[in-house]
Amino acid sequence: MRYPEAISFAPGRPYDGFFDVEEVIDRIRLYLEHLAGRGRSPEQVANLIYQYGPTAGLIRDLIADSLRVDEGIDVPPEAVVVTVGSQEAMLLTLRALVRGPDDVVLAVSPCYVGITGAARLLDVTLVPVEEGENGIDGVHLEAAIAAQRACGRAVRAVYLVPDHSNPSGATVPLRTRHELIAVAERQDVLLLEDSPYRLVSPGPVIATLKSLDRVRRVIHLGSFSKTLFPGARVGYVVADQLVVDDEGRTSLLADELTKIKSMVTVNTSSLSQAAVGGALLASAGRISALNVESAAHYAGALRETLDRLDEELPPSHRARLGVRWNEPAGGFFLVVQVPFAADNAALTRSAEDFGVIWTPMSYFYPEAGGERALRLSISYLSADEIKQGVHRLAQFIESEAGRTARGAGHHPGRS
Ligand SMILES: Cc1ncc(COP(=O)(O)O)c(C=O)c1O
């Protein structure tokens, strides 16, 4: 906001060219008609919207149906808890899983700030596990779990974004997904799968961890923020694990999460659930079908960004500067490695002198890391803005690289 003229590659917001207020109203009406069609009286329908609602959610059946047709995830509605965005799902899940000071959660790093923030809020120790080009693999995961055990800690869960991760854009291949589930079973840990970008990315999609999970080792965190709209603040968690409560009764982990949610947000907004429920009804559960156009838009924006980078910083030029970037197959983000400290001071120079904004990758490392890298988000900009933005970014990178080289020249003794 301090630099209104700057082009910003920072926010991971959805593109707002697809927003349509009338459509939201139509979808709410469709959901209400659906309730009436299932025998609810006008008073009951009014109560569902106006009153406090069931803590686990109104639309768990529609979400369970949608997961079955769209994602091959076959769970009963009782295993689904509707949450205030997947952010609440993270909070509830961490709260339920971590019981004592020796319990820790691993997070594939660099990682989304929402999980880091939720862990910090709950005093949960989050241990980063460095990802490779293709996320994390079974060997590294098993080694990280063993290292924690050796320190007397119990790994309760592993957080990862398997598809087009935020912030790195990395995607975990199918074979590795099978491996990760096998490790989770062998090592008695749970995988927290958070995958908000898969259905807004160009196909083919790789099966979710949850759809491959035959041993109830995966908790799936869902979000409608990118596929529908973030203002709804509707997400969900699929937790079909069996747990035994303090009185020895067996129930689903989803029930535990519901109890915690009752003390956090009571219930997710009924009106928002109606808007999401209407979208699920309108598409017969196929959220993917609703997102064909937006997925194509984001794919185009990503391609445009990569092409413009290549044009502004052609291979020999970028090799000389020491600049490179990855080429994600989808999602909102890519990472540019640069030959200088991409810190807040550099970001200020970038905004003030070049009119372009990005996010320092160091923000996404729970411990140290990412000091010479920046994240670009492609989701919010038009093609013209991307063209102009990448041009400005290239000029900024050249300037910083020169500045760093000159700085080194002034201090010949420094290595
Ligand atoms: C990896 C990841 N998870 C979750 C979310 C947010 O989800 P929600 O809006 O449903 O809380 C984001 C949004 O940026 C994200 O990048």
Side-chain angles (χ1 to χ4, degrees), residues 8-16 19 57 59 63 66-67 80-95 105-119 121 126 128 131 135-136 157-172 191-201 208-210 218-238 257 261 264-265 268-269 272-273 275-276 279-280 287 291 294 298 302 328 330-335 358-359 361 363-366 375-380:
S8 182
F9 287 97
R13 299 167 159 229
Y15 180 61
D16 51 20
F19 295 161
I59 58 168
I63 293 175
S66 167
L67 287 171
V80 176
V81 182
V82 185
T83 55
V84 181
S86 62
Q87 185 62 39
E88 189 193 15
M90 290 177 211
L91 196 86
L92 303 179
T93 308
L94 291 182
R95 181 68 187 82
V105 171
L106 302 185
V108 175
S109 170
C111 69
Y112 174 54
V113 291
I115 191 77
T116 328
L121 205 60
L126 198 75
E131 75 175 1
I136 187 173
V158 183
Y159 172 84
L160 72 162
V161 182
D163 304 282
H164 319 299
S165 179
N166 179 7
S168 70
T171 290
V172 177
L191 300 176
L192 305 184
E193 174 180 50
D194 179 18
S195 195
Y197 301 100
R198 53 187 278 111
L199 296 184
V200 288
S201 296
T208 56
L209 287 164
K210 188 65 199 163
V218 180
I219 296 177
H220 183 83
L221 308 168
S223 172
F224 292 106
S225 290
K226 315 295 163 171
T227 51
L228 295 178
F229 60 109
R233 304 306 306 130
V234 179
Y236 57 91
V237 48
V238 178
L257 300 178
K261 180 177 167 71
V264 182
T265 53
T268 304
S269 154
S272 285
Q273 289 188 73
V276 170
L280 292 169
I287 289 288
N291 278 283
S294 57
Y298 294 127
L302 184 56
F332 287 9
F333 311 105
L334 70 145
V335 177
W358 34 270
T359 310
M361 274 299 285
Y363 290 5
F364 303 102
Y365 285 80
R375 186 194 76 171
L376 299 185
S377 171
I378 54 82
S379 58
Y380 191 60

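Keep in mind that this is a model prediction, so the values were computed, not measured. When a ligand or atom number is given, it counts from 1 through the structure's own listing order.
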### Task
State whether a side-chain donor-acceptor pair under 3.5 Å links Ser165 with Glu131.
no
With sequence neighbours left out, the residues meeting salt bridge (charged side-chain N to carboxylate O under 4.0 Å, His left out) with Asp194 are none
Only residue of Arg233, Lys261, Arg95 satisfying salt bridge (Lys or Arg N to Asp or Glu O under 4.0 Å) with Glu88 is Lys261
Are Tyr197 and Tyr298 close enough, and set up right, to give a ring-ring contact (aromatic ring centres under 6.0 Å, His included), and what steps lead you there? CA-CA 10 Å; Tyr197 301 100; Tyr298 294 127; 8.9 Å; no
Quick one: ligand 1 N/O to protein N/O pairs below 3.5 Å?
unit_1, atom_1, unit_2, atom_2, d
ligand 1, 3 (N), Asp194, OD1, 3.4
ligand 1, 3 (N), Asp194, OD2, 2.6
ligand 1, 7 (O), Ser86, OG, 2.9
ligand 1, 9 (O), Ser225, OG, 2.6
ligand 1, 9 (O), Arg233, NH1, 2.8
ligand 1, 10 (O), Ser86, N, 2.7
ligand 1, 10 (O), Ser86, OG, 3.3
ligand 1, 10 (O), Ser223, OG, 2.6
ligand 1, 10 (O), Ser225, OG, 3.3
ligand 1, 11 (O), Ser86, N, 3.2
ligand 1, 11 (O), Gln87, N, 3.0
ligand 1, 11 (O), Arg233, NH2, 2.9
ligand 1, 14 (O), Tyr197, OH, 3.3
ligand 1, 14 (O), Lys226, NZ, 3.2
ligand 1, 16 (O), Asn166, ND2, 2.8
ligand 1, 16 (O), Tyr197, OH, 2.5

Rounded to the nearest 0.5 angstrom, the CG-CZ distance for Leu199 and Phe224 is 9.5 Å
Between the OG atom in Ser86 and the NE2 atom in His220, the distance rounded to the nearest 0.5 Å is 9.5 Å
